[in-house]
Amino acid sequence: MSARSVQITASASESLPLTCTRVSVETDGTFAGIKTSCINSGDVTLPAQLLSQDALVPYSIEDPIPGPDGCTLSSIFRPQWTFSAFEVDSSGSNASSVSFNIILRTGSPGFQFPISVSQDTTAPAGDGSWHACVIGAGGDTGPPLWPTACSFKYQATTQELTLRADWSCSELDPDHP
Amino acid sequence: MNRLPFTAVGNNSVALKSDGHATTSPLLIKGSLLSPVTITPIYAWGPTGHDKTGCAAAPKASWTLSAPFYTNQTGDGISAIASQDFNVLLINTATGYEASCMSGAGFGDGLTPTPATGPLNLVCAGSEFQSFGGGRYSITTAASFDPATFRFTVNQTWYCDDVNPANP
């Protein structure tokens, strides 16, 4: 690769030296038309007539396709989770359980299933204490955008939810995007 | 937003001329990012043949048409449907890029293939349709074949950044 990068457009137009054969086509012994086949036994070479040769930005031919920020850049410049389906379930006098769904916001989110987060104990929620996250319906670890080392707290009096989470982006890994 | 410092590292070599100037300008140094995150970028491999020696020597470019094949089937309105078809493998000698060019299914109303007269527009597809990661530039090809005159017409755009033969 060199600094001199060019875009070349060229054309050619010639009659091809094809040889044709014709055969009758029959269906159940009845004439059903003529099939003509035209080929050339060897390769045909057409010289290219140069139409234009335009300089490009040096070294730009190996540039990637421009696109919106993916997981990595969104996480550096504007880390955001979208919350939904927030619930506080109460049973009995004090016991209650907090659960909600989250999606990591990136410039190119594609299609993501909301990740469900719930607490791992039946201790009273809403008192502002930290709870470890139970991720997913079965608590299993999932794809890279699922949070790890996750905990949250909910203060019922101020209705303030705080989430602390680690996550990873692997869209720059061509083998495991 | 607060300032976000970036740290990266990279290196490259360049030969010097007798007067001390670099033989290549500008010079590209590919970097690996160290902070705020560690990233070693993977570059797109670019359109076929862009760094093939002789690519930019455009006046010597040509196309090789391999196995051109035209068929025309007349219809009888009963059991045989009129159709015509053209196929060829188009090879760009400057880049080595190969495209398979073919006409659409030229079926007509049964008795007459489409188009009844005039050239067949061809769709030419190469490796850019088979792999992801080629990059922002793609080789594009437009071609046609006229059954009445056997005239094959092609217009193609490709890309070169091999060593400039005038200034190696």
Side-chain angles (χ1 to χ4, degrees), chain A residues 1-18 20 22 25-28 30-54 56 58-67 72-73 75-78 169 172-174, chain B residues 1 4 24-28 36-37 39 41-47 50-51 56 58-59 61-76 78-80 82 92-94 133-137 145-147 149-164 167:
Chain A
M1 188 168 64
S2 78
R4 182 171 173 265
S5 303
V6 293
Q7 173 178 292
I8 298 170
T9 300
S11 68
S13 182
E14 279 186 28
S15 292
L16 302 182
L18 304 180
C20 301
R22 290 179 177 74
V25 176
E26 291 190 2
T27 305
D28 295 331
T30 306
F31 172 77
I34 295 178
K35 180 169 184 177
T36 304
S37 301
C38 304
I39 64 169
N40 189 61
S41 56
D43 294 343
V44 180
T45 299
L46 301 183
Q49 311 295 322
L50 182 66
L51 297 179
S52 66
Q53 188 162 333
D54 302 315
L56 301 174
Y59 303 107
S60 65
I61 289 182
E62 290 186 356
D63 282 353
I65 301 173
T72 303
L73 290 181
S75 299
I76 294 173
F77 293 106
R78 198 176 297 107
C169 297
L172 299 182
D173 179 351
Chain B
M1 185 181 172
L4 181 62
T24 299
S25 178
L27 176 70
L28 177 70
V37 289
I39 299 175
I42 296 176
Y43 281 68
W45 53 73
H50 68 92
D51 51 0
S62 63
W63 290 283
T64 299
L65 275 63
S66 179
F69 186 59
Y70 171 72
T71 62
N72 179 302
Q73 163 89 51
T74 63
D76 65 358
I78 303 172
S79 57
N92 181 311
T93 58
R136 64 186 290 192
Y137 293 114
F145 175 79
D146 190 337
T149 60
F150 290 170
R151 175 169 288 271
F152 179 83
T153 303
V154 60
N155 182 305
Q156 189 175 70
T157 297
W158 67 90
Y159 301 86
C160 297
D161 59 359
D162 62 309
V163 176
N164 184 349
N167 187 22

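All values below were derived from every heavy atom in this structure, side-chain atoms included, with hydrogens, water molecules and symmetry-related copies excluded. We name chains A, B, ... by the order of the sequence lines, and we start the count at 1 in each one.
- For the pair B/Y137 (side chain) and A/D63 (backbone), a donor-acceptor distance under 3.5 Å is absent.
- Closest approach of B/F145 to A/L18, counting heavy atoms only: CZ-CD1, 3.8 Å.
- Side-chain contact between A/L51 and B/N155: present, with at least one pair of heavy atoms (C-beta onward) separated by less than 4.5 Å.
- Of all the heavy atoms in A/I65 and B/G135, the pair that sits closest is CG1-O, 3.1 Å.
- Both the backbone and the side chain of B/F152 have a heavy atom closer than 4.5 Å to some heavy atom of chain A.
- When the salt bridge (charged side-chain N to carboxylate O under 4.0 Å, His left out) test is applied to A/D43, no partner is found at least two apart in sequence or on another chain.
- Residue with the most contacts toward chain B among A/D54, A/V6, A/T27, A/D28: A/V6 (heavy-atom pairs, distance under 4.5 Å).
- Residues B/R136 and A/E62 have side chains not in contact (no heavy-atom distance under 4.5 Å, counting atoms from C-beta outward).
- The candidate from B/T149, B/V37, B/D146, B/T153 with the greatest count of non-hydrogen atom pairs under 4.5 Å with chain A is B/T153.
- Interface check for chain B: of the options A/Q49, A/E14, A/K35, the most heavy-atom pairs under 4.5 Å are formed by A/E14.
- Interface check for chain A: of the options B/I39, B/T93, B/T157, B/L27, the most heavy-atom pairs under 4.5 Å are formed by B/T157.
- Atom OG of A/S13 is separated from atom CZ of B/R151 by 4.0 Å, given to the nearest 0.5 angstrom.
- For A/V25, the part lying under 4.5 angstrom from a heavy atom of chain B is the side chain only.
- Heavy-atom minimum distance, B/F150 versus A/C38: CZ-SG, 3.8 Å.
- Highest contact tally toward chain B, considering only A/T36, A/T45, A/I39, is held by A/T36 [criterion: heavy-atom pairs under 4.5 Å].
- Contact between B/S25 and A/A3 at its shortest, heavy atoms only, is O-CB, 4.0 Å.
- Looking at heavy atoms from C-beta onward, A/L46 lies in side-chain contact with B/L65 at the 4.5 angstrom threshold.
- What you find for B/P47 and A/I61 is that their closest heavy atoms are CD-CG2, 3.6 Å.
- Heavy atoms closer than 4.5 Å to chain A are found in both the backbone and the side chain of B/T64.
- Taking CZ of B/F69 as the start and OG of A/S37 as the end, the distance is 4.5 Å to the nearest 0.5 Å.
- Considering only residues two or more places apart in sequence or on other chains, B/P36 meets the side-chain contact (heavy atoms from CB on, under 4.5 Å) condition with A/I76, B/L4, B/F6.
- Counting heavy atoms from C-beta on, the side chains of A/S11 and B/V154 never come closer than 4.5 Å.
- Between B/T74 and A/G33 the shortest heavy-atom distance is OG1-CA, 3.2 Å.
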